[in-house]
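Since the structure comes first, as structure tokens, the remarks are kept for the end.
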Protein chains: 2
Amino acid sequence: MKNLTSSECTGAHRAVRDTLDIVGGKWKLVILTTLIDKERRFKELAREIGISPRILSKELQDLEINKLVTRTVCDTRPITVEYSITEHGQTLEKVTTALRDWGLTHRKEIIGTQESLTPVTG
Amino acid sequence: MKNLTSSECTGAHRAVRDTLDIVGGKWKLVILTTLIDKERRFKELAREIGISPRILSKELQDLEINKLVTRTVCDTRPITVEYSITEHGQTLEKVTTALRDWGLTHRKEIIGTQESLTPVTG
DNA sequence: CAGTATCCAAAAAGATACTG
DNA sequence: CAGTATCTTTTTGGATACTG
């Protein structure tokens, strides 16, 4: 048997890190899962998820660079912009599911065992 | 019909956020995947993954609070402390796998399409 | 050895006013 | 409306010296 720690894991570690770098922030998955429902305009997103325009703008740019959302300028008056999730963005579903399932499992594990402490989230 | 954005998604969003809060930092999954191989002492971990003692200490405390690792003081001279991954910690494997798989997929998607930009990680 | 204390840098997030 | 500019705060990570 071999030493997994830094041989076989090298590529795996990087891949895991990649994913976390891309969708691991506070807003990325919130935005994406919101867009799964249906496309939104900039301000709709801002309102619905409660995020300031500066942050939202940055997050959407990041997502667009990684081809997870598309940005479409609509020729209206005034101009509106629609953001949609891409097919590639939708491949994150397995990730989201895994995160959600484990989160639920963890709540049971932690809350079932010790009640007063707050090891979870906030 | 109902407004999915903040009704049906509430629990799911929270669960996803929980997981990211718990293992989403720079080191948590690195530490855990290292410990899957075999248990380590404090300084071994510090050396192997290249992390400063202050950060490592904090990360291990977080992990212990969430029952992902156990801390065992060994009655040696001088004292040594061993950290091991728990069974609960090992249930993160599905999460890690999902993150890794998507990271690999994403590299193909991005690198296959556009070569010069660096939308991935660093 | 295992960890804490102190100090510091960088990144992430947020409030808010402003522009085309 | 869709953003950007500016400023501030919070969080995160890190170097390093020190203690039991």
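As the structure is a computational prediction, the values presented were derived from the model and not from experiment. Reminder, nothing fancy here: chain letters follow the sequence lines and each chain counts from 1.
- A:E44 pairs by the salt bridge (charged side-chain N to carboxylate O under 4.0 Å, His left out) definition with A:R41, not counting sequence neighbours.
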Side-chain donor-acceptor contacts of residues 97-105 of chain A below 3.5 Å, not counting sequence neighbours, with atom names and distances?
{"from": "A:T97", "atom 1": "OG1", "to": "A:E93", "atom 2": "O", "distance (Å)": "2.8"}
{"from": "A:W102", "atom 1": "NE1", "to": "B:T91", "atom 2": "OG1", "distance (Å)": "2.9"}
{"from": "A:T105", "atom 1": "OG1", "to": "A:D101", "atom 2": "O", "distance (Å)": "3.0"}

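- Whole-Å rounding puts the B:K58 NZ to C:dT6 P distance at 18 Å.
- Checking B:K26 against A:K43, the closest nucleotide of DNA chain D that is more toward the 5' end is the one next to A:K43.
- Nucleic acid contact for A:R54: base, since at least one base atom lies under 4.0 Å from a heavy atom of the residue.
- Nucleic acid contact class of B:E44 (heavy atoms, under 4.0 Å, all strands): none.
- Within the nucleic acid shown, A:P78 comes within 4.0 Å of sugar-phosphate atoms alone, with no base atom in reach, counting heavy atoms only.
- Although no hydrogens or angles enter the test, the distance criterion places no donor-acceptor pair under 3.5 Å between the side chain of A:S84 and the main chain of A:E39.
- Across the protein-nucleic acid pair, B:L56 atom CG and C:dA5 atom P stand 16 Å apart, rounded to whole Å.
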Tell me which donor-acceptor pairs under 3.5 Å the side chains of residues 52-59 of chain B have, and how far apart each pair is, sequence neighbours excluded?
{"from": "B:S57", "atom 1": "OG", "to": "B:Q61", "atom 2": "NE2", "distance (Å)": "3.4"}
{"from": "B:K58", "atom 1": "NZ", "to": "B:D62", "atom 2": "OD2", "distance (Å)": "2.9"}

Just to be sure I follow the notation: if a pair is Watson-Crick (purine N1 to pyrimidine N3 plus N6-O4 or O6-N4) or a G-U wobble (N1-O2 and O6-N3), each under 3.5 Å, what dot-bracket string does DNA chain C give, with | for pairs to another strand? ||||||||||||||||||||

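- Protein chain A contacts DNA chain D over a range whose 5' and 3' limits, counting nucleotides with an atom under 4.0 angstrom from a non-hydrogen atom, are D:dC1 to D:dT6.
- Residue-level contact check: A:I79 touches the backbone only, with heavy atoms under 4.0 Å from sugar-phosphate atoms and none from bases.
- Nucleic acid contact for B:E59: sugar-phosphate only, since backbone atoms but no base atoms lie under 4.0 Å from a heavy atom of the residue.
- Toward the 5' end of DNA chain D, the nearer of the two residues B:S52 and A:F42, judged by each one's closest nucleotide, is A:F42.
- Pairs of residues two or more places apart, or lying in two chains, never qualify as ring pair (Phe, Tyr, Trp, His ring centres under 6.0 Å) while including a residue from residues 14-46 of chain A.
- Contact between B:I85 and B:Q90 at its shortest, heavy atoms only, is CG2-NE2, 3.6 Å.
- B:R40 contributes a side-chain N or O that, together with a main-chain N or O of B:K38, makes up a donor-acceptor pair within less than 3.5 Å.
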Carefully, step by step, assess A:H106 and B:T19 under the rule side-chain hydrogen bond (donor to acceptor under 3.5 Å, both in side chains). CA-CA 8 Å; A:H106 182 67; B:T19 306; over 6 Å; no

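- Here B:R77 lies out of heavy-atom contact (under 4.0 Å) with every strand.
- Using a 4.5 Å cut-off on side-chain heavy atoms (C-beta onward), A:L63 and A:K28 make contact.
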